[in-house]
Amino acid sequence: MLKIYNSLTREKQEFVPITPGRVRMYVCGMTVYDYCHLGHARVLVVFDMVQRWLRASGLEVCYVRNITDIDDKIIKRALASQESISELTSRFIRFMDEDAVALGVEKPDHEPRATEYIPQMLELIGRLEKNGLAYRAAGGDVNFSVRKFPGYGKLSGKSLDDLRAGERVEVDAGKEDPLDFVLWKHARQGEPFWPSPWGEGRPGWHIECSAMSSELLGTHFDIHGGGQDLQFPHHENEIAQSEGAHRGRFVNYWMHNGFVRVDDEKMSKSLGNFFTIREILEKYDPEVLRFFILRAHYRSPLNYSDRHLDDARQALSRLYTALKTVPGAIVAIDWNERHAQGFRKAMDDDFNTPEACALLFDLAAEVNRSHSSQLASQLRSLAGLLGLLQRDPQVFLQATPVDGGEISAARIESLLAERMAAKQRRDFAAADGIRNQLRAAGIVVEDGAGGSTWRRA
RNA sequence: GGCGCGAUAGCAAAGCGGUUAUGCACCGGAUUGCAAAUCCGUGUAGGUGGGUUCGACUCCCGCUCGCGCCUCCA
């Protein structure tokens with residue numbers, strides 16, 4: 001039985017879908033004005049893992065991850081780079097797709113773009129106005145009135161008065177309450193706009209997700225996810241909008257993944273301490289990055305450093321080494337087997353991937369001991385539920401670095417042949433010389449019963 | 001200032017009121033021409049002060065330190 005930590009109730013709860021056997025899940029995706037960084041990688045991988053486990057549990061999943069393709073920063077960037085907004089956003093959507101594919105992230109069932117849902121947003125704003133929750137401000141914006149929505153703050157655990165006390169930000173003059181947020185921004189010079197009953201303008205950020213989720217998943221759905229930093233105000237505002245407009249429950253389970261940190265500080269655009277996914281992939285295999293993310297629990301902070309990725313690479317190599325020795329097929333998992341049972345128990349406990357990974361290592365040790373191809377297949381198939389270990393072990397272990405490496409595979413093979421000849425005439429000095437030469441070039445030679453193999457250190 | 005999260009061995013990271021987490025690194029042994037890989041084994045933990053308990057890393061309270069949100073952010 002699956003349990004999920006619900007940010008709304010602050011406890012692990014048994015997961016009961018609204019419609020038996022079916023899950024509707026929405027995750028806040030990217031605002032596409034720049035390359036994805038490691039924080040984005042974490043959201044992509046974490047909710048991909050969630051989605052995979054829900055399906056593996058026999059549930060039919062409808063997974064929606066949106067794309068914000070209109071927003072202040074996008075407009076600013078497009079201006080700066082002298083290109084149209086759609087040129088800019090489609091470029092970065094393409095980069096995002098490439099990153100996601102590299103990380104083994106499966107396509108969501110829907111990837112709605114905000115600009116394609118303007119009518120739904122207008123409809124929603126209209127409902128909010130009719131329900132007395134939205135008002136036209138002096139400057140021409142339409143704002144949401146937080147004081148009129150009872151329960152504002154229930155997700156983030158904040159009270160309006162505490163928030164007001166902590167207010168340190170310049171307040172827009174048109175707001176009745178400093179915490180009111182904009183639903184529709186009136187058109188400004190040189191910015192894109194759409195017609196609306198409230199005049200030409202463009203949507204506020206928060207209304208986008210409310211509109212896209214209700215259009216694709218209905219007004220009440222099972223899981224809503226995103227990064228921890230979206231809990232307030234973004235998700236709080238989504239609740240206010242969606243429940244305020246439809247007068248009913250919005251989301252049953254809220255899931256928030258922890259931050260990626262650098263030197264114990266949050267990695268973020270505003271702090272400027274971020275690493276892009278493609279930067280990391282210049283040095284590390286994408287599967288290493290995926291494994292690095294999944295070997296920590298999704299709610300814990302994840303500290304990034306080269307050292308930790310090196311560590312993850314070594315660990316993943318251990319799993320692939322077991323499969324190199326005893327090839328495993330991708331098969332139906334034997335859920336009665338001990339490791340599979342532990343794996344399921346871990347995953348059912350709020351997606352405890354570190355525990356699930358530990359089971360994979362136990363299983364790998366068992367494979368090494370027993371040389372059982374059944375267990376190797378079990379290992380490969382279980383890991384597949386996390387999107388890991390699906391490649392040919394040799395391909396992983398011998399993968400050529402982006403910089404090309406110091407030595408080509410062909411050169412390695414020819415040196416190994418030379419070394420084999422030296423070994424056969426028992427000229428160990430020559431054989432060891434070649435091995436040392438390879439070692440210096442980052443290649444580890446391993447002699448086995450069936451000859452020598454190599455891998456990158 | 002308000003609200004919240006965390007502190008586990010050299011590093012990373014989980015579960016668990018009493019019995020080996022796991023990975024990397026390290027040490028001893030087996031194996032190997034020597035290595036590597038693998039196997040076997042040892043060692044290194046639970047911020048701090050109290051409390052509850054037969055027994056606490058695990059529950060409760062205080063303290064210290066770290067982090068996050070309160071503003072765009074995954």
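Keep in mind that the numbers below use all heavy atoms, side chains included, and drop hydrogens, waters and symmetry copies. By convention in this document, chain letters (A, B, ...) are assigned in the order of the sequence lines, proteins followed by strands, and residues within each chain are numbered from 1.
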When the [atom1] atoms of [M] and [N] are compared, how many Å lie between them, rounded to an integer?
{"N": "B:U53", "M": "B:G18", "atom1": "C1'", "value": "12 Å"}
{"N": "B:C57", "M": "B:U19", "atom1": "P", "value": "10 Å"}
{"N": "B:C27", "M": "B:G10", "atom1": "P", "value": "16 Å"}
{"N": "B:G28", "M": "B:U42", "atom1": "C1'", "value": "7 Å"}
{"N": "B:C16", "M": "B:G46", "atom1": "C1'", "value": "13 Å"}
{"N": "B:C3", "M": "B:G62", "atom1": "P", "value": "14 Å"}
{"N": "B:U44", "M": "B:U8", "atom1": "C1'", "value": "13 Å"}
{"N": "B:G43", "M": "B:G4", "atom1": "C1'", "value": "39 Å"}

Requested in this report: Please check if any side-chain donor atom of A:Y63 sits under 3.5 Å from a side-chain acceptor atom of A:D48, or the reverse.
Outcome: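 There is no such pair between these side chains.
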
Run the ring pair (Phe, Tyr, Trp, His ring centres under 6.0 Å) test against [X] and tell me which residues pass, sequence neighbours left out.
{"X": "A:Y35", "value": "A:F92, A:F95"}
{"X": "A:Y26", "value": "A:H224"}
{"X": "A:H37", "value": "A:H40, A:F274"}
{"X": "A:F193", "value": "none"}

Query raised in the report: What string of B, S and - do you get for nucleotides 36-42 of chain B, 5' to 3', when a contact is any protein heavy atom under 4.0 Å?
Result: BSSSS--

Query raised in the report: Can you tell which of A:V50, A:L386, A:I293, A:L289 makes a side chain to side chain contact (heavy atoms under 4.5 Å, CB included) with A:V45?
Result: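 One option only clears the test, and that one is A:I293.
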
Interatomic distance, [X] [atom1] vs [N] [atom2] [rounded to whole Å]:
{"X": "A:Q231", "N": "B:C72", "atom1": "CD", "atom2": "P", "value": "15 Å"}
{"X": "A:K73", "N": "B:U71", "atom1": "NZ", "atom2": "C1'", "value": "10 Å"}
{"X": "A:L271", "N": "B:A74", "atom1": "CG", "atom2": "C1'", "value": "14 Å"}
{"X": "A:I67", "N": "B:A74", "atom1": "CD1", "atom2": "P", "value": "13 Å"}
{"X": "A:H308", "N": "B:U22", "atom1": "NE2", "atom2": "C1'", "value": "16 Å"}
{"X": "A:F181", "N": "B:C73", "atom1": "CZ", "atom2": "P", "value": "12 Å"}
{"X": "A:D264", "N": "B:A7", "atom1": "CG", "atom2": "C1'", "value": "11 Å"}
{"X": "A:L302", "N": "B:G68", "atom1": "CG", "atom2": "P", "value": "15 Å"}

Among the candidates [options], find the nucleotide nearest to the side-chain atoms of [X].
{"X": "A:F361", "options": "B:U22, B:C24, B:C69", "value": "B:U22"}
{"X": "A:S270", "options": "B:C72, B:C69, B:G68", "value": "B:C72"}
{"X": "A:D311", "options": "B:C70, B:G23, B:C73", "value": "B:G23"}
{"X": "A:V260", "options": "B:C73, B:G23, B:A74", "value": "B:A74"}
{"X": "A:R435", "options": "B:G2, B:A35, B:A74", "value": "B:A35"}

Compare all side-chain heavy atoms of [X] with those of [Y] and state whether any distance is below 4.5 angstrom.
{"X": "A:D350", "Y": "A:R299", "value": "yes"}
{"X": "A:N303", "Y": "A:V262", "value": "no"}
{"X": "A:F396", "Y": "A:S317", "value": "yes"}
{"X": "A:F343", "Y": "A:L363", "value": "no"}
{"X": "A:K185", "Y": "A:V182", "value": "yes"}

Just call it for [X]: base, sugar-phosphate, or nothing, with non-hydrogen atoms closer than 4.0 Å on any strand.
{"X": "A:H297", "result": "sugar-phosphate"}
{"X": "A:S300", "result": "sugar-phosphate"}
{"X": "A:R261", "result": "sugar-phosphate"}

Report task. Using a cut-off of strictly less than 4.0 Å, decide whether A:K266 has a side-chain nitrogen or oxygen near OP1 or OP2 of B:C69. Result ->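 Yes, because at least one side-chain N or O of A:K266 sits under 4.0 Å from OP1 or OP2 of B:C69.
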
Do [X] and [Y] sit within salt-bridge range, that is, some charged N less than 4.0 Å from a carboxylate O?
{"X": "A:D71", "Y": "A:K73", "value": "no"}
{"X": "A:D177", "Y": "A:K148", "value": "no"}
{"X": "A:D72", "Y": "A:K76", "value": "no"}

Query raised in the report: Does a distance-only test, which skips hydrogens and angles, find a donor-acceptor pair under 3.5 Å between the side chain of A:D432 and the base of B:G33?
Result: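 In this structure, the two groups form a donor-acceptor pair.
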
Query raised in the report: When only distance counts, do a donor and an acceptor, one from the side chain of A:R313 and one from the base of B:C24, lie under 3.5 Å apart?
Result: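 Side chain to base: no pair below 3.5 Å.
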
Query - For A:Q231, side-chain hydrogen bond (donor to acceptor under 3.5 Å, both in side chains) partners two or more places apart - result: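 A:Q231 satisfies side-chain hydrogen bond (donor to acceptor under 3.5 Å, both in side chains) with no other residue.
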
For RNA chain B, find the residues of [range] with a heavy-atom distance under 4.0 Å and give them by number; none if there aren't any.
{"range": "residues 415-429 of chain A", "answer": "A:R419, A:K423, A:F428"}
{"range": "residues 39-53 of chain A", "answer": "A:G39, A:H40, A:V43"}
{"range": "residues 89-111 of chain A", "answer": "none"}
{"range": "residues 344-357 of chain A", "answer": "A:N352, A:P354, A:E355"}

Query raised in the report: What about A:H235 and A:H206, are their ring centers closer than 6.0 Å?
Result: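 Not under 6.0 Å, so no.
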
Query raised in the report: Is the A:F221 to A:F250 ring centre distance short of 6.0 Å?
Result: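 Yes, ring centres under 6.0 Å apart.
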
Query raised in the report: Which dot-bracket string describes RNA chain B (Watson-Crick N1-N3 plus N6-O4 or O6-N4, or G-U N1-O2 and O6-N3, all under 3.5 Å; [ ] crossing; | other strand)?
Result: (((((((..(((.....[...)))..((((.......)))).....(((((..]....))))))))))))....

What pairs of donor and acceptor atoms, side-chain ones from residues 149-156 of chain A against any protein atom, are under 3.5 angstrom apart with sequence neighbours left out?
| unit_1 | atom_1 | unit_2 | atom_2 | d |
| --- | --- | --- | --- | --- |
| A:Y152 | OH | A:N237 | OD1 | 2.5 |
| A:K154 | NZ | A:E243 | OE1 | 2.9 |
| A:S156 | OG | A:E236 | OE1 | 2.6 |

Query raised in the report: Would A:K3 count as a cation-pi partner of A:F15, with NZ or CZ less than 6.0 Å from the six-membered ring centre and within 45° of the ring normal?
Result: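 No, A:K3 does not sit over the ring of A:F15.
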
Query raised in the report: Within 45° of the six-membered ring axis of A:W335 and under 6.0 Å from that ring's centre, is NZ or CZ of A:R344 located there?
Result: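 Judged by the rule (NZ or CZ under 6.0 Å from the ring centre, within 45° of its axis), A:R344 counts as positioned above A:W335.
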
Query raised in the report: Looking at A:W205, A:F181, A:W184, which one forms a ring pair (Phe, Tyr, Trp, His ring centres under 6.0 Å) with A:F144?
Result: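 Answer to the ring pair (Phe, Tyr, Trp, His ring centres under 6.0 Å) test with A:F144 among A:W205, A:F181, A:W184: A:F181.
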
